[in-house]
Amino acid sequence: MLEDGKLFLGASRNPDDTINKGEYLDLKFGNRHGLVTGATGTGKTVTLQVLAEGFSKAGVPVFCADVKGDLSGIAALGEAKDFLLKRAEQIGFSEYDVEQFPVIFWDLYGEKGHRVRTTMSEMGPLLLSRLMNASDAQEGVLNIAFKLADEGGLPLLDLKDLRALLTYMGENAGELSAKFGFISKASVGSIQRELLILEQQGAEHFFGEPALKITDIMRVANDGRGVISVLAADKLMMNPRLYGTFLLWLLSELFEELPEVGDPDKPRLVFFFDEAHLLFNDAPKMLLERVEQVVRLIRSKGVGVYFVTQNPLDVPETVLAQLGNRVQHALRAYTPREQKAVKTAAETFRANPAFDCATAITALGTGEALISTLEGKGAPSMVERTLIRPPSARVGPLSEAERRENLSKSPVAGLYDEDYDRESAYEILAKRAAKATEAAEMAREAASDEAAPAPGTASTRWTLPGFGDEAPAPSRAGTAEKPRSRGYQRETIAEAAMKTVARTVASSLGRALVRGILGSLKR
C-alpha cells in the first residue's frame, strides 16, 4: 500500500465497513500546513506519531512537543502488540513492521532533554509583551528598551540584563522621554514585577546562552531519515503562556532564518504545534495578524506547520484558512459550542456523498478520523472516513534509563547543557555607572580647591543622562572665568569620561539591529 513521495495515513472505509482505498499525504504538499483535531482520548497523539514517523522516513526533520509524556516512545523500538497487528490486518497493511526513529530530546528546564535557550534580544519586544501580558503602555516601554539596547550596543541576553536597562530607564525617565516619548516610572515598575513573576515560573531557564541554533532541529541522520526533535512539555504546560510564546518564537526564528525555496518536493522541516489553543487564547489582535502572516509566508521557506488541538474553533479563521491537510477525530456535541464546532469542522471538508460529515464526526471510534489532504494541483481531496495506520515505534513513554541513554548518545550532547554568561547589558551598564560615579567623585574632590564660577556663565557640554556630572565645571579660585575661545582648552577628568561614554554610544548607532515580523532579532 506504500507509494513513493507519499505518507500512508490509513485506509478509508465504505458505508458497509469494507476497505475502500489507502489514504495518503503527498509530500510535495507537506508544507501547505495541516490541522489535527479531536476530543480527548480519540487518538490525536497516535496520529501525530504516525505523521512524525512518516515524515522522518521520508528524510524530513520534525519538531513536536510532548505534552503528556507518551510521545517519547517514538525513540524506542515498537512492539508487535495484538491490537496493532489487528489494525494493520484490518486495513490491509501487509508491509507493517516495527522500528525506532532518530530522536533528540529537548527541555526548557534541562531535566528531560537538552536545554533550550534564547536571548532577550532574539525574543523581541512583541513576543515578550505577549509572555508578560503587558498593557499598551508597558509594551511601549519595552519597545523603547529594545530600541535603546539595539542602538546603544547593550546586548540583552537574560533577565538581569533587561532589569538593569529598565532600572536605568526609570532613573532617567525625564531625559529619555524627551527623545523617545513618555516613559512612565509606574510602567517600568510594573514590568519589573512581571519579570519577577516570570523568574518564579522558570523563565530564567529559557533566557540566556548558548542560544538554540535552528540547524540543530533540522538534522538528518546518517541513514537518511529526518531527526525528530521532541520537546518535553509536561512541566512546561504548567505555564501555558510560556509554552505558547516559546513555540511562536521558534516559528518566527524559522521564518527569519530560512531562505525562500518555493514549493520543494518535500518539506525542509515539519513543525507540530500541540495544544494550539494556548497560542491563540487572549492573544491581542496584532499578534494574531502576525501569526497569520507567518503561517501564510513560511510555506515558501519549505516549513509545514501542523496545529494539534481539541476543537477546530480554537484556531482563528484566518489561520484555519491556511491549513490544507485535515485530520478530524471524533468530537462530542453536548453543548452549544461543541455543536457549533462539529458544524464548523464538517463545513471545512469537501463533502463526500457517501455519508453525512457532521453525523460521522460524532460517531468516529478511537483511532478513526475524517481525512482530507491536498492532491493533484493542490485541491483538497474528498473527505474519507479513515482507520489510522498503527505506528511503528513504541506507543507509550520511555523509561528514565532509556531517556538518559538517548541523551548521552545525542548528536548535540554537551552543546547546550552548560550556561554561558558573557558581558552584556548588565555588566556594561554597571561599568559605565561605576566610571561615572568615580568621575563625579574626582570632580567633587577637585571642586574643594576651586572657587564658584563667575556669574552669568553656562556650560555648553553635552551630557548622557545618568552617567555624568550635569553641573557646570567651576573655575579656579580667585580668578574670573574667561570666555571660551575657539582654541584648545584643557578638559576636566569628568568631561573626558563623559566624552568617552558619548563616543561609545555614538559609534554604536550605526550598528542598530534589525527585527523581523514578530519583533525577534534577524541574525
Side-chain angles (χ1 to χ4, degrees), residues 1-3 6-15 17-27 29-30 34-58 62 64 66 68 70-71 73-74 78-99 101 228 270 272 274 304 306-310 312 323-331 345 349 352 355 357 360-375 380-396:
M1 298 184 69
L2 302 179
E3 294 184 14
K6 294 183 179 181
L7 305 186
F8 176 56
L9 303 180
S12 57
R13 298 194 296 173
N14 296 313
D17 284 345
T18 58
I19 295 300
N20 178 20
K21 60 184 178 67
E23 297 299 325
Y24 300 87
L25 190 156
D26 199 328
L27 278 173
F29 296 124
L35 178 69
V36 180
T37 57
T40 299
T42 57
K44 295 192 305 296
T45 301
V46 172
T47 298
L48 193 160
Q49 181 170 336
V50 166
L51 287 168
E53 289 180 3
F55 280 115
S56 176
K57 292 183 72 172
V62 174
C64 53
D66 187 11
K68 298 187 290 292
D70 51 3
L71 189 59
I74 199 170
E79 302 175 36
K81 295 184 177 180
D82 290 343
F83 71 95
L84 298 175
L85 294 174
K86 181 179 179 181
R87 172 58 61 88
E89 181 182 0
Q90 190 178 6
I91 64 176
F93 187 23
S94 59
E95 297 94 335
Y96 176 67
D97 197 7
V98 296
E99 58 182 304
F101 291 83
I228 302 173
V270 170
F272 288 96
D274 201 3
Y306 288 73
F307 294 96
V308 183
T309 187
Q310 293 188 15
L323 312 180
N325 302 298
R326 307 287 182 93
V327 179
Q328 176 65 66
H329 287 274
L331 289 176
F349 286 111
N352 188 332
F355 60 89
C357 195
I361 288 176
T362 60
L364 293 170
T366 301
E368 189 177 15
L370 297 182
I371 290 181
S372 175
T373 59
L374 299 180
E375 61 180 8
S381 65
M382 187 180 299
V383 63
E384 295 287 357
R385 186 169 178 172
T386 305
L387 289 173
I388 302 297
R389 59 152 289 183
S392 297
R394 180 189 298 176
V395 179

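The side chain to side chain contact (heavy atoms under 4.5 Å, CB included) check on Thr362 picks up Ala333, Val342, with sequence neighbours excluded. Scored by the side-chain hydrogen bond (donor to acceptor under 3.5 Å, both in side chains) test, Glu99 finds Lys57, Arg225 as partners (sequence neighbours excluded). Not counting sequence neighbours, the partners of Arg394 by the salt bridge (charged side-chain N to carboxylate O under 4.0 Å, His left out) test are Glu402. Applying the side chain to side chain contact (heavy atoms under 4.5 Å, CB included) test to Thr40 and every residue at least two apart in sequence or in another chain returns Gln310. Contacts of Lys44 classified as salt bridge (charged side-chain N to carboxylate O under 4.0 Å, His left out), with partners at least two apart in sequence or in another chain: none. Looking at residues two or more places apart in sequence or on another chain, you find a side-chain hydrogen bond (donor to acceptor under 3.5 Å, both in side chains) between Thr47 and His329. Residues satisfying the ring-ring contact (aromatic ring centres under 6.0 Å, His included) criterion with Phe101, sequence neighbours excluded, are absent altogether. For Lys68, the side-chain hydrogen bond (donor to acceptor under 3.5 Å, both in side chains) partners are Thr45, not counting sequence neighbours. Partners of Asp97 according to the salt bridge (charged side-chain N to carboxylate O under 4.0 Å, His left out) rule, which considers only residues two or more places apart in sequence or in another chain, do not exist here. Asn352 meets the side chain to side chain contact (heavy atoms under 4.5 Å, CB included) test with Ala354, Phe355, Met382, Val383, Glu384; sequence neighbours excluded. Residues satisfying the side-chain hydrogen bond (donor to acceptor under 3.5 Å, both in side chains) test with Ser392, not counting sequence neighbours, are Arg389. Partners of Ala330 under the side chain to side chain contact (heavy atoms under 4.5 Å, CB included) rule, at least two apart in sequence or in another chain, are Thr42, Arg332, Leu364.
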Would Asn20 and Arg13 count as a side chain to side chain contact (heavy atoms under 4.5 Å, CB included) if you check the C-alpha gap in whole Å, the side-chain angles of each, and the deciding distance to 0.1 Å? CA-CA 5 Å; Asn20 178 20; Arg13 298 194 296 173; 5.8 Å; no
Worked check of side chain to side chain contact (heavy atoms under 4.5 Å, CB included) between Val270 and Tyr306: CA-CA 8 Å; Val270 170; Tyr306 288 73; 3.7 Å; yes
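Donor-acceptor pairing under 3.5 Å is lacking for the side chains of Ser381 and Glu375.
The backbone N or O of Glu89 lies less than 3.5 Å from no partner atom in the side chain of Tyr96, so there is not a single donor-acceptor pair. A donor-acceptor contact shorter than 3.5 Å is absent between the side chain of Asp70 and the backbone of Val395.
The pair Lys21-Glu23 counts as a salt bridge, with a side-chain nitrogen and a carboxylate oxygen less than 4.0 angstrom apart.
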